[in-house]
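Structure record follows, encoded as structure tokens.
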Amino acid sequence: MKSTGKVFLIFWMFFWWGFLTYKHPNLFLVYPSLFRSWDLTFAHFPFKETLLSLVPLAVYMFLGHFLLKCFDIFIPRLAYLALSFVLGLSMTTFLGEICGVFGFFYGWAIMGLLLALTVALLVSSSAHWVRPVKVSKGYADDFLMRSAQRSVASRAYSQTIIHPAGFFQGMCAVFFLGGAILITLLIFYHALFYPVTYWDSLSYLGMARSLFLNHRFPVKIVAQMGIGTGSNYPQMYRLASAMPSVVFGFWSNCHAQILAPVCCVGSLLLIYHLILRLTRVTLSALALTLLFCTIPYGIRYFTLTSDYALTILFTAAFLYLAVMYIDTKLRSYAMLSALVAAFACHINYLTPLLLVAWVFLIFLVHSRVPMLSDQEEYSEMLGDPERLKQVAEPEYTYNDDWDTLGELFKSGFFLRLILACFLIAAPWYARNWALTGNPVYPYFSSIFGGKNINPRILSSMQGEWLENGDGIDTAALYMVNDKQKTGTINEENRHLWYAQTQEGGVRFTLFAKIIATFYYLILFQRWAWLLAPIFLALCVPGIIIWIAQALSQKLKGKRHPRSGRLIKYLTNNQKTIFLALFLFVCLLSYHYFLAGYYLYQIIPILAPMILFAFVVMEYFSSEKMRALFHVWCILVIILPGLPFALMNFKITHPVVIKDKEEYPQHLPALRRPGMMPDEFYSHVFGADARMIDHVNTLMLGKTLLTHDNRYLLYDPSINIVHLDDWEMQKAYGIKDEREKLKFFKELKIDYYLRIDMEKKHKILRELNLEQWIASGYLKPIFKAGGNELYSVNYQPQKTTKNQTSEQANKVIIK
């Protein structure tokens, strides 16, 4: 019966890979497209700025290294480097946040704080390394003994690792490692050789540039689509983008562009060592690391310049340190995992969930004492007890006498750690609370309240997010629309699908979202690729297998194969999966219950997903089944891994280059590195790029009223006022045109730019600017595609719509 289940699972995996191939046959076109003509023009590539962007990365690792030296830990070198980067970046941006809040975001201030931090870390690490070691006799011996202990522990751990054996395993290892390296190089290629294109990145990098220019965070307390909401988000990504620029004395996008692919490398190293720690098998770790980097959604956000790559990296770091704590019970790993979780609170509003997961980790480790010793567990995994006896890791790398849960809660160590985490995690939320009245401004205003929050504006914003999104709510919208067209939904069963209908937006029931999940992951081509094929092929089966095994072991018990001891408690590996499942369920619950507009908000689920894939891999105990699993991994490189890495996500629609139409499968970006930014933007944004170029030529130092928030593309001297800004909302109810004109004059608005996205923010219609255009208060001066630029005419002459249209056509110059 058990072997039948394994055969079915193999069939299930290959079926979903075949289904992805069936849904996306055009992905295979990327391979012949490699032989199309290439246009290599590197003259416009900022080599100097890219090399300079390596300097802050080195600083992060340097500072992180000295922080890690303050702890007794035994971590392999590559995982150590990744953790050094995570912790160094965290400490540096934390100092930058202090500078930005208090208005001294200058190079000299940042350099001074970094120097003080460096001295503090050097003193702390030096003091730690001369602390007495139980087996040493003096301070000189203490330092040497601690160094020797790390060396011995590293060598002993490496001796427990099983390397590929035989031709097939060797070739699989080459494919896995080569595939992961190739995809990572392609991520760097697209991230660095092409300008920033992601809408959110253009917004947030524009804010980072403003921080660079104004030397402080903007204080803008208004819940609206642009800077009002974004300026109150946690700032780690924007700080990491702006701090190197303010130190070097000039703005560069390169510091932000290199960050996401570096996060990819760090995540891969941590995932590899996480799986290696669980299995002690190199080939298994390589296989799952490869699967991690072939997830199309991961490729997307490791390329695009945004903070979501940081969330993946910090989640991977947290899980790795959590595994080390579960495995060794050493306090150093408890402290480091808590620090990573606390610093992660500065990435975005969802990452504080890692602190919740850390509390769950504490309960997992200290609530029960496992029935098996670590050595017995490794003996069971390696299947060679005699060999393990000779290479077992030293006693000091484990703690066999740790506190119970009650003892831990009463200890000074735990209280100090909780206080440190609070002091690290809280500052930005305290700043928000002091300024806006809401720590997560402007969200959850019904709970926390907040200043200048108009519920109707928020509702309309949610309507725009719903139309633009890629989350479960948007899938429900498409599904419900289809059902309405076929007459499946009527007034009698409408309550099953709609929880509430609001002006400017709609809310769906949990029932509708659950039904839409099938539609979301399988039927609709726009989204079916996001997590495919890992989610359905491995993640879901892995969760089912783990739950079944854990329940069976808890209810019936399991005999240890050597000692015959009855096991009823979770092993260390099972606790690791339990932690991953807790994090996974929390993230999905947030998506389904609270924020279903964008899947990328819960993109940290990519790291837990690999642990469920690990459960499936371990389920295949026979060599033949494991070989089929490895073959499947190679197929995943072929599709979807390499095709999505080659196409990437900076050109996602057909473009016309040199009078020839090219689709993303033709690799128009890959084959033209170093393209002029203006030319590249003309392909990505089309008419939007022409309009923005015209605005930058015409409006330096002027005030522009618009819904566009791609600040980085606009000259920083242009003062952008948003259509849904707090001050502009006062004009919504003004019907008298001259009174409204007076209002505009007080705000010194010179121009109005209408973009297509404005139509999705329904409440903006209340400004009634259509009437103003007809009345001549807004004079058309330029048009590009669906974008229209108007100047405010403070002495209007009434015109007809035909006259307006004719006048607009006369001024089109591009």
Check: Going by atom types alone, do N648 and T303 pair a side-chain donor with an acceptor below 3.5 Å?
Finding: yes
Check: Is the closest side-chain donor-acceptor distance between S241 and H255 under 3.5 Å?
Finding: no
Check: Do the side chains of I692 and L753 get nearer than 4.5 Å, heavy atoms only?
Finding: no
Note to self: Would you say that L239 contacts L211 through its side chain, given a criterion of any heavy-atom pair below 4.5 Å between the two side chains?
What the structure shows: yes
Next item on the list: Compute both the distance and the angle, then confirm whether R209 meets the cation-pi test with F212: under 6.0 Å from the six-membered ring centre, within 45 degrees of the axis.
Entry: no
Notebook entry, point to check: Taking C-beta and beyond as the side chain, do L769 and L764 meet within less than 4.5 Å on heavy atoms?
Noted result: no
Check: Does the T509 side chain pair with the main chain of L496, one donor and one acceptor, at a distance under 3.5 Å?
Finding: yes
Checklist line | Full working for side chain to side chain contact (heavy atoms under 4.5 Å, CB included) between I472 and L599 | finding: CA-CA 7 Å; I472 193 63; L599 184 66; over 6 Å; no
Check: Does some side-chain heavy atom of L350 sit less than 4.5 Å from a side-chain heavy atom of T311?
Finding: no
Notebook entry, point to check: For C263, does its backbone N or O pair with a side-chain atom of S267 as donor and acceptor, under 3.5 Å?
Noted result: yes
Notebook entry, point to check: Mind checking what makes side-chain hydrogen bond (donor to acceptor under 3.5 Å, both in side chains) contact with Y301, not counting sequence neighbours?
Noted result: Y198
Item checked: Distance (rounded to the nearest 0.5 Å) between F578 CZ and F360 CZ -> 4.0 Å
Notebook entry, point to check: CG/D688 to CE/M757 distance, rounded to the nearest 0.5 angstrom?
Noted result: 8.5 Å
Margin query: Applying side chain to side chain contact (heavy atoms under 4.5 Å, CB included) to L579 and L319, what does each step give before you reach the verdict?
Written below: CA-CA 8 Å; L579 176 65; L319 286 174; 4.2 Å; yes
Check: When rounded to the nearest 0.5 angstrom, what distance separates CZ in F94 from CZ in F343?
Finding: 6.5 Å
Check: Quick one: does R765's side chain have a donor or acceptor within less than 3.5 Å of a partner on H761's backbone?
Finding: no
Check: If you round to the nearest 0.5 Å, how far is CG of N490 from NZ of K483?
Finding: 11.5 Å
Notebook entry, point to check: W17 side chain to L639 main-chain N or O, any donor-acceptor pair under 3.5 Å?
Noted result: yes
Checklist line | Partner set under side chain to side chain contact (heavy atoms under 4.5 Å, CB included) for S203, not counting sequence neighbours | finding: M207, N709, Y711
Next item on the list: In sequence, state the C-alpha distance, the side-chain angles, and the governing distance for N787 and R690, and then conclude on side-chain hydrogen bond (donor to acceptor under 3.5 Å, both in side chains).
Entry: CA-CA 9 Å; N787 305 286; R690 297 199 303 274; over 6 Å; no
Next item on the list: Hey, could you give me the OH/CG distance between Y429 and N438, rounded to the nearest 0.5 Å?
Entry: 11.5 Å
Note to self: Can you list everything that forms a salt bridge (Lys or Arg N to Asp or Glu O under 4.0 Å) with D708? Sequence neighbours excluded, please.
What the structure shows: R710
Check: Among all residues two or more places apart in sequence or in another chain, which pass the ring-ring contact (aromatic ring centres under 6.0 Å, His included) test with W16?
Finding: W12, F19
Notebook entry, point to check: Any luck finding a side-chain donor-acceptor pair between D724 and Q729 under 3.5 Å?
Noted result: no
Next item on the list: Sorted by first residue and then second, give each side chain to side chain donor-acceptor pair (under 3.5 Å) pair with at least one member in residues 340-355; sequence neighbours left out.
Entry: E97-H346, N348-T351, Y349-N432
Note to self: Could you check, using the six-membered ring where one of them is a Trp, whether F685 and W199 have ring centers closer than 6.0 angstrom?
What the structure shows: no
Notebook entry, point to check: Can you name the ring-ring contact (aromatic ring centres under 6.0 Å, His included) partners of Y732, sequence neighbours left out?
Noted result: none
Notebook entry, point to check: Is a side-chain donor-acceptor pair under 3.5 Å present for T517 with Y592?
Noted result: yes
Notebook entry, point to check: Counting distance only, does the side-chain N/O of S589 pair as donor-acceptor with the main-chain N or O of V585 below 3.5 Å?
Noted result: yes
Check: Is there a donor-acceptor contact under 3.5 Å from the side chain of E758 to the main chain of L723?
Finding: no
Notebook entry, point to check: Is there side-chain contact between F644 and I295, with heavy atoms separated by less than 4.5 Å?
Noted result: no
Next item on the list: Spell out, as yes or no, whether a donor-acceptor pair under 3.5 Å connects the side chain of Q235 to the backbone of Y233.
Entry: yes
Margin query: Using side-chain heavy atoms (C-beta onward) and a distance below 4.5 Å, is Y597 in contact with Q462?
Written below: yes
Next item on the list: Not counting sequence neighbours, which residues clear salt bridge (Lys or Arg N to Asp or Glu O under 4.0 Å) with K23? List them please.
Entry: none
Margin query: Using the ring centroid of each side chain, check whether F508 and Y498 are separated by less than 6.0 Å.
Written below: yes
Next item on the list: Could you walk me through whether L27 and M647 pass the side chain to side chain contact (heavy atoms under 4.5 Å, CB included) test, one step at a time?
Entry: CA-CA 9 Å; L27 290 179; M647 290 187 301; 3.3 Å; yes
Checklist line | K650 side chain vs H190 backbone, donor-acceptor pair below 3.5 Å | finding: yes
Next item on the list: Kindly write out the residues that satisfy salt bridge (Lys or Arg N to Asp or Glu O under 4.0 Å) with R300, not counting sequence neighbours, or none if the list is empty.
Entry: none
Checklist line | K220 bridged to D725 by N-O distance under 4.0 Å | finding: yes
Note to self: Please check if the number of heavy atoms outside Y663 that lie under 6.0 Å from its OH is greater than 12.
What the structure shows: no
Item checked: Y478-Y519 aromatic ring centre distance below 6.0 Å -> no
Check: Do the side chains of M479 and D482 get nearer than 4.5 Å, heavy atoms only?
Finding: no
Next item on the list: Report the distance from atom OH of Y600 to atom CD1 of I312, rounding to the nearest 0.5 Å.
Entry: 13.5 Å
Next item on the list: Sequence neighbours left out, what passes ring-ring contact (aromatic ring centres under 6.0 Å, His included) with W358? Give chain and number order.
Entry: none
Note to self: Under a 3.5 Å cutoff, is there a donor and acceptor pairing between the side chains of H707 and Q224?
What the structure shows: no
Notebook entry, point to check: Among all residues two or more places apart in sequence or in another chain, which pass the ring-ring contact (aromatic ring centres under 6.0 Å, His included) test with W726?
Noted result: none
Note to self: If the condition is side-chain hydrogen bond (donor to acceptor under 3.5 Å, both in side chains), which residues does T488 pass it with, not counting sequence neighbours?
What the structure shows: T486
Item checked: Ring center gap for F584 and F612 short of 6.0 angstrom -> yes
Check: Can any side-chain N or O of S210 pair as donor or acceptor with the backbone N or O of G206 at less than 3.5 Å?
Finding: no
Notebook entry, point to check: Of the non-hydrogen atoms in I299 and G641, which two are nearest, and what is the gap between them?
Noted result: CD1-O, 3.6 Å
Note to self: Please verify the inter-ring angle class for W527 with Y520; under 30° counts as parallel, over 60° as perpendicular, anything in between as tilted.
What the structure shows: tilted
Notebook entry, point to check: Salt bridge or not for K759 and E467, using N-O below 4.0 Å?
Noted result: no
Note to self: Side chains of Y441 and I221, heavy atoms from C-beta outward: is any pair under 4.5 Å?
What the structure shows: yes
Note to self: If the condition is salt bridge (Lys or Arg N to Asp or Glu O under 4.0 Å), which residues does D470 pass it with, not counting sequence neighbours?
What the structure shows: none
Notebook entry, point to check: Any sub-3.5 Å donor-acceptor pair from K760's side-chain atoms to N468's backbone N or O?
Noted result: no
